Amino acid sequence: MDARRRSVGRVIFVTSVGSCLLVIFYFQMVHKGPGIGEYWSRKGDHRGSGANSFSQEEFESMLAIHERRRVALQRACEATDGSSSASSTGVAAYDADDPNDPDAAETPPLSPESLRHLLVDDEHRLLYCYVPKVACTNWKRVLLVLTGQSGGTRDPLGIPAARAHVQGTLRSLAEFPPREARRRLASYVKFMFSREPFERLVSAYRNKFTQAYNTAFHRRYGTRIVRRYRANATAEALEGGDDVSFGEFVRYLLDPRTEPFNEHWELASSLCSPCRVRYDVIGRYETLERDAAFVLRSAGADRLVGFPAFPKQTRTTNEMTAKFFENITAEDQVRLYELYRLDFLLFNYSVPSYLRTQ
């Protein structure tokens with residue numbers, strides 16, 4: 001009987017501690033002022049409507065999930081000495097809680113690349129760092145709806161993909177003076193989405209090098225890759241660059257002569273500087289629909305637009321990625337992992353089971 005009472009007591013104690021931690025986290029977010037905490041602190045339920053709906057229990061569960069992700073990212077940043085790829089730019093670490101620091105107010109808070117990737121929605125106080133091949137086309141469509149640039153439609157899929165990517169349509173943080181950029185970084189809801197790095201890489205290869213319509217990539221990158229790595233290449237291949245193999249693409253990535261990476265295969269940690277920007281939500285491609293709904297609900301925008309469903313049959317999967325790696329030598333697999341290692345560590349992805357190390 002005494003053992004049973006002690007067991008029950010431990011359960012009650014753990015439950016109480018968990019509830020207290022959740023309450024503390026809630027008030028910490030509210031205390032931070034405008035941004036995601038501001039919406040969470042409003043009176044009423046957080047359920048939303050339709051596909052974006054949350055029960056109170058589900059909403060609290062999402063809060064806890066995103067807090068764990070933030071904590072895991074912070075620990076990973078500390079373990080790697082905060083060495084996101086962007087740290088090589090020499091830009092000082094950014095303190096989002098002090099946007100009016102007189103010593104830094106006129107200094108850009110992040111690298112130009114990271115500033116360019118942070119898209120701004122002033123009306124809904126959102127900052128979205130887009131990472132190509134992590135549903136960024138649909139997120140840009142959603143932002144076009146929220147910023148009133150959708151041509152009258154509230155259906156994101158009614159916006160052509162090409163229009164979503166027109167540079168300058170959505171404002172980026174790079175367009176604002178440093179003081180204004182810091183203010184938004186300190187007070188807006190900041191979010192980004194990660195994806196298993198090799199899955200994202202294979203997705204980029206499939207999209208940019210195997211699709212006939214991507215002639216710009218074939219000519220800019222494909223012809224260069226064929227010229228460097230293919231012995232006895234045909235004149236047609238040298239001119240078109242439209243039949244690059246995945247093995248050739250990997251050699252290009254590992255080649256020290258390769259120019260700065262295109263954003264489609266650049267590290268997400270380099271594009272979004274997650275060790276410098278305190279993202280409120282770090283969504284994952286693997287839980288895209290639920291995390292997207294959480295972002296929209298947190299910003300109070302869920303009744304204006306829904307995140308579009310994505311056809312799963314067209315996605316690059318882990319199994320598909322493993323197939324692409326079958327013909328890559330063990331040495332090059334290890335080198336490729338080292339190249340993208342920071343993304344694996346920061347976003348908490350395991351070493352792929354198919355990776356050969358010898």
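Because the structure is predicted, anything quoted here is derived from the model rather than measured. Counting begins at 1 with the first residue of the sequence.
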Q. Step by step, would you call V131 with F193 a side-chain contact (heavy atoms from CB on, under 4.5 Å)?
A. CA-CA 7 Å; V131 178; F193 277 72; over 6 Å; no
**Q.** Residues N262, F217; criterion side-chain contact (heavy atoms from CB on, under 4.5 Å); working and verdict
**A.** CA-CA 10 Å; N262 179 277; F217 271 81; 3.8 Å; yes
Q) Could you walk me through whether S298 and F191 pass the side-chain contact (heavy atoms from CB on, under 4.5 Å) check? A) CA-CA 11 Å; S298 298; F191 70 100; over 6 Å; no
Q. So L271 and Y130, side-chain contact (heavy atoms from CB on, under 4.5 Å) or not? Walk me through it.
A. CA-CA 8 Å; L271 298 177; Y130 75 90; over 6 Å; no
(Q) Test salt bridge (Lys or Arg N to Asp or Glu O under 4.0 Å) on R335 and E338; report intermediate values, then the result. (A) CA-CA 5 Å; R335 291 176 64 201; E338 287 301 318; over 6 Å; no
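The number of heavy atoms from other shown groups lying within 6.0 Å of CD (E286) is above 12.
A salt bridge does not link E78 to R75: none of the charged side-chain nitrogens sits closer than 4.0 Å to a carboxylate oxygen. The pair E180-R183 meets the salt-bridge criterion, since a charged nitrogen lies less than 4.0 angstrom from a carboxylate oxygen. With respect to E199 and R315, no salt bridge is recorded, no charged nitrogen being found less than 4.0 Å from a carboxylate O.
Paired with F294 under the rule side-chain contact (heavy atoms from CB on, under 4.5 Å), one option of L63, I65, D302 passes, and it is L63.
Side-chain atoms of R154 come within 3.5 Å of backbone atoms of L304 as a donor-acceptor pair (strictly under, hydrogens ignored). Not a single donor-acceptor pair under 3.5 Å links the side chain of R276 to the backbone N or O of L110. Judged by distance alone, the side chain of R356 and the main-chain N or O of I328 form a donor-acceptor pair under 3.5 Å. Formation of a donor-acceptor pair under 3.5 Å by the E60 side chain with backbone atoms of E57 is not found in this model. Proximity of a side-chain donor or acceptor of N348 to a complementary backbone N or O of R69 within less than 3.5 Å is not detected. Side-chain atoms of D291 come within 3.5 Å of backbone N or O of R284 as a donor-acceptor pair. Not a single donor-acceptor pair under 3.5 Å links the side chain of S172 to the backbone N or O of L119. In this structure a side-chain-to-backbone donor-acceptor pair under 3.5 Å is missing from N214 to F209.
The minimum heavy-atom distance linking C272 with V277 is given by the pair O-CG2, 4.2 Å. P132 approaches C136 most closely through the heavy-atom pair CA-SG, 3.8 Å. Closest approach of V334 and T357 over heavy atoms only: CG2-CA, 3.8 Å. What you find for V142 and P156 is that their closest heavy atoms are CG2-CG, 4.0 Å. In plain terms, the two heavy atoms of R200 and V134 that are nearest each other are CD-CG2, 3.8 Å. Nearest approach of N138 to P308, heavy atoms of both residues: CG-CG, 3.5 Å.
You'll find the side chain of K190 stays beyond 4.5 Å of the side chain of Y128, heavy atoms only. No side-chain heavy atom of F325 sits less than 4.5 Å from a side-chain heavy atom of P352. Proximity of L127 to V120: side-chain heavy atoms (C-beta onward) are separated by under 4.5 Å at one or more points. Counting heavy atoms from C-beta on, the side chains of R290 and E58 come closer than 4.5 Å. The shortest side-chain heavy-atom distance between R125 and V189 does not fall under the 4.5 Å cut-off. Put simply, the side chain of F347 does not reach to within 4.5 Å of the side chain of P197, judged on heavy atoms.
In summary, the side chains of T147 and Q149 do present a donor paired with an acceptor at a separation below 3.5 Å, with no hydrogens or angles considered. Side chains of S269 and D343: a donor-acceptor N/O pair is present below 3.5 angstrom, by distance only. D122 and Y188 form a side-chain donor-acceptor contact under 3.5 Å, judged by distance and modelled atom types alone. Inspection of the S150 and T153 side chains reveals no N or O donor paired with an N or O acceptor under 3.5 Å. Of the N and O atoms on the side chains of Q333 and Y354, not one donor lies less than 3.5 Å from an acceptor on the other residue.
Both cation-pi conditions hold for R184 and F176: the charged atom is under 6.0 angstrom from the six-membered ring centre and inside a 45 degree cone around its axis. Relative to the ring axis of Y221, K208 does not place its NZ or CZ within 45° and under 6.0 Å from the centre.
One finds the CG atom of L146 at 8.0 Å from the CD atom of E123 (value rounded to the nearest 0.5 Å). Here the CG-NZ distance, from L201 to K133, works out to 11.5 Å after rounding to the nearest 0.5 Å. In this structure, CG on L173 lies 10.5 Å from CZ on R182, to the nearest 0.5 angstrom.
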Show me the donor-acceptor pairs within less than 3.5 Å that the side chains of residues 241-250 make with the rest of the protein, sequence neighbours left out.
{"residue": "D243", "atom": "OD1", "partner": "R230", "partner atom": "NH1", "Å": "3.2"}
{"residue": "D243", "atom": "OD1", "partner": "R230", "partner atom": "NH2", "Å": "3.4"}
{"residue": "D243", "atom": "OD2", "partner": "R230", "partner atom": "NH1", "Å": "3.0"}
{"residue": "S245", "atom": "OG", "partner": "E248", "partner atom": "N", "Å": "3.1"}
{"residue": "S245", "atom": "OG", "partner": "E248", "partner atom": "OE1", "Å": "3.4"}
{"residue": "E248", "atom": "OE1", "partner": "R230", "partner atom": "NH2", "Å": "2.9"}
{"residue": "E248", "atom": "OE1", "partner": "S245", "partner atom": "N", "Å": "3.0"}
{"residue": "E248", "atom": "OE2", "partner": "R230", "partner atom": "NE", "Å": "2.9"}
{"residue": "E248", "atom": "OE2", "partner": "R230", "partner atom": "NH2", "Å": "3.4"}

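Residues satisfying the ring-ring contact (aromatic ring centres under 6.0 Å, His included) criterion with H218, sequence neighbours excluded, are absent altogether. Partners of R228 under the side-chain contact (heavy atoms from CB on, under 4.5 Å) rule, at least two apart in sequence or in another chain, are R224, Y252, D255, R257, T258, E259.
Residues L254 and W265 share a single hydrophobic cluster, defined by chaining ILVMFWY side chains whose heavy atoms lie under 4.5 Å apart. There is a path of hydrophobic side-chain contacts, each under 4.5 Å, that joins M320 to L288. Residues L345 and V351 fall into different hydrophobic clusters, defined by Ile, Leu, Val, Met, Phe, Trp and Tyr side chains chained together at heavy-atom separations under 4.5 Å.
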